Amino acid sequence: MSLGFRPDLLVDILPELLRGARITLELTIISVALGTLIGLVVGVCRVSHLKILNVPAALYVEVLRGTPLLVQVMIVYYGLPGVGINLGQMPSGILALSLNSGAYVAEIFKAGIKSIKKGQTEASFSLGMTYGQNMRYVILPQAVRNILPALGNEFIALIKDSSLVSVIAIEELLRRGMIVYSRTYNAWTPLLGVAMLYLCMTVPLSRVVAYLERRWEIND
Amino acid sequence: MTNMIDIINVKKSFGDNHVLRDVSLSVRKGEVLVILGPSGSGKSTLIRCINRLESIDGGTIMVEGEDIYSPTSDIHKLRTKVGMVFQQFNLFPHMTVLDNLTLAPTKVKGESKEASERTALALLEKVGLKDRAGAYPHELSGGQQQRVAIARSLAMHPDIMLFDEVTSALDPELVKGVLEIMKDLAQGGMTMLVVTHEMGFAKEVADRVIFMDGGYIIEESAPKDLFENPQNERTKEFLAMIL
């Protein structure tokens, strides 16, 4: 048996890899959704003038961005059971990815909120709106529009980063490839297949992001 | 009869820059006050203090008898009584003209969608833009945007209107339409504070003109007196430069 690239093997294992890609997509989509929610809340707290909100939010971002995602995944999966929280593989993977993504998305929201001119808030206030009403009806709708491309890029980054949860034996795309490798002793074929399938997910998405960026530019 | 606005010994500085040194001023109901002065004289800051867009370092500002800087005052409710129009329009760009006008009445005052839209369309008719209700701000000229901004403020039925250099960002040919609306408003009995460089408007519409410089009110009188017979040297210099 050749240890190089084997097209016949690739054809054989493709269904197996595709099942892994499906898990990767599930992980990513759920984590992006939760991460965006976390990022929205933390980001709004970040720009708040209240210390009780902005200090914990800044700390959150600092810690989650300052430690490796791989370590965070392991803490959630191996560490939490030690304090009585046993989530299992998928929920652990999703939790770690969401918390991590939330920190990056918070910074995106913060930048998006700060990009809206001060005059918008002054107009809202002069009409009697509260801080919350101004945020909800005036600032965030404009901020979200501005940050959509950045959120898309975060989605792409998360597809790739999700490969790290293979260390806790979630059978996502990379893990599937490694299973094939250990069975066939051929590394080239499954790993090239894995890389190819990641590209199949990220390239169309980055096209969508580029399209969004262009469309906003025209509208501005 | 009580005053609409009482400004008593107000002081305000940005760091070392004393923008308002000791300003006192009262405005009666229905009065149209024009505030003149060189840039940096504190005139914009003064009117921005009247709806608490700025903090103050000393003194008191009363709107309809209520101390707006008191920690117990309901600032959001007070602001609904004081409309403000800005130099840069500050329309909400992600909403149609109609939605710009109905947002605050529905969310702040709890008006029904139908009632707020009726009011909005009537106001848009008044400013000559009823046919643009469905347009977005970026589809309008600067003059049209500013007229929408005035209508948006009026949709809250304020008792007082503040105008902060509202024609300064407009092309010259668009200024007149905005000033006409302000004139109509003045003639309708609205209490107005107007920071402007439009001397024609000041002469024609103002009940009282105030000249500010260096954080003080230097001179105040009827427009005819201030323009034809200014008492203070700095007022004379300023008028000589711009007239």
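Within every chain, numbering begins at 1; the chains are lettered A, B, ... in the order of the sequence lines, protein sequences first and strands thereafter. All values reported here derive from a predicted model rather than from experimental measurement.
For A:Y78, the OH atom sits in a packed shell: over 12 heavy atoms of surrounding residues, nucleotides or ligands are nearer than 6.0 Å. Shown here is A:I52, whose CD1 atom has no more than 12 heavy atoms of other residues, nucleotides or ligands within 6.0 Å. Counting heavy atoms of neighbouring residues, nucleotides and ligands inside a 6.0 Å radius, atom NZ of B:K126 does not exceed 12 of them.
For the atom pair CG of B:L98 and OG of B:S116, the computed distance is 7.5 Å after rounding to the nearest 0.5 Å.
Contacts of B:F92 with chain A are made by both backbone and side-chain atoms, with heavy-atom separations under 4.5 Å. For A:Q133, the part sitting under 4.5 Å from any heavy atom of chain B is the side chain, from C-beta outward, and nothing else. In this structure, chain A has heavy atoms under 4.5 Å from both the backbone and the side chain of B:M84. With a 4.5 angstrom heavy-atom cutoff, B:L91 touches chain A only via backbone atoms. For B:R52, no part lies under 4.5 angstrom from a heavy atom of chain A. Both the backbone and the side chain of A:S124 come within contact range of chain B, each with at least one heavy atom under 4.5 Å from a heavy atom of that chain.
Look at B:K113 and B:E117 and you find a salt bridge, because one of the NZ, NE, NH1 or NH2 atoms lies within 4.0 Å of a carboxylate O, short of that distance.
For the set A:K117, A:E122, A:K118, the entry with the most heavy-atom pairs within less than 4.5 Å of chain B is A:E122.
Among A:R176, A:E171, A:E172, the single residue meeting the side chain to side chain contact (heavy atoms under 4.5 Å, CB included) criterion with A:I23 is A:E172.
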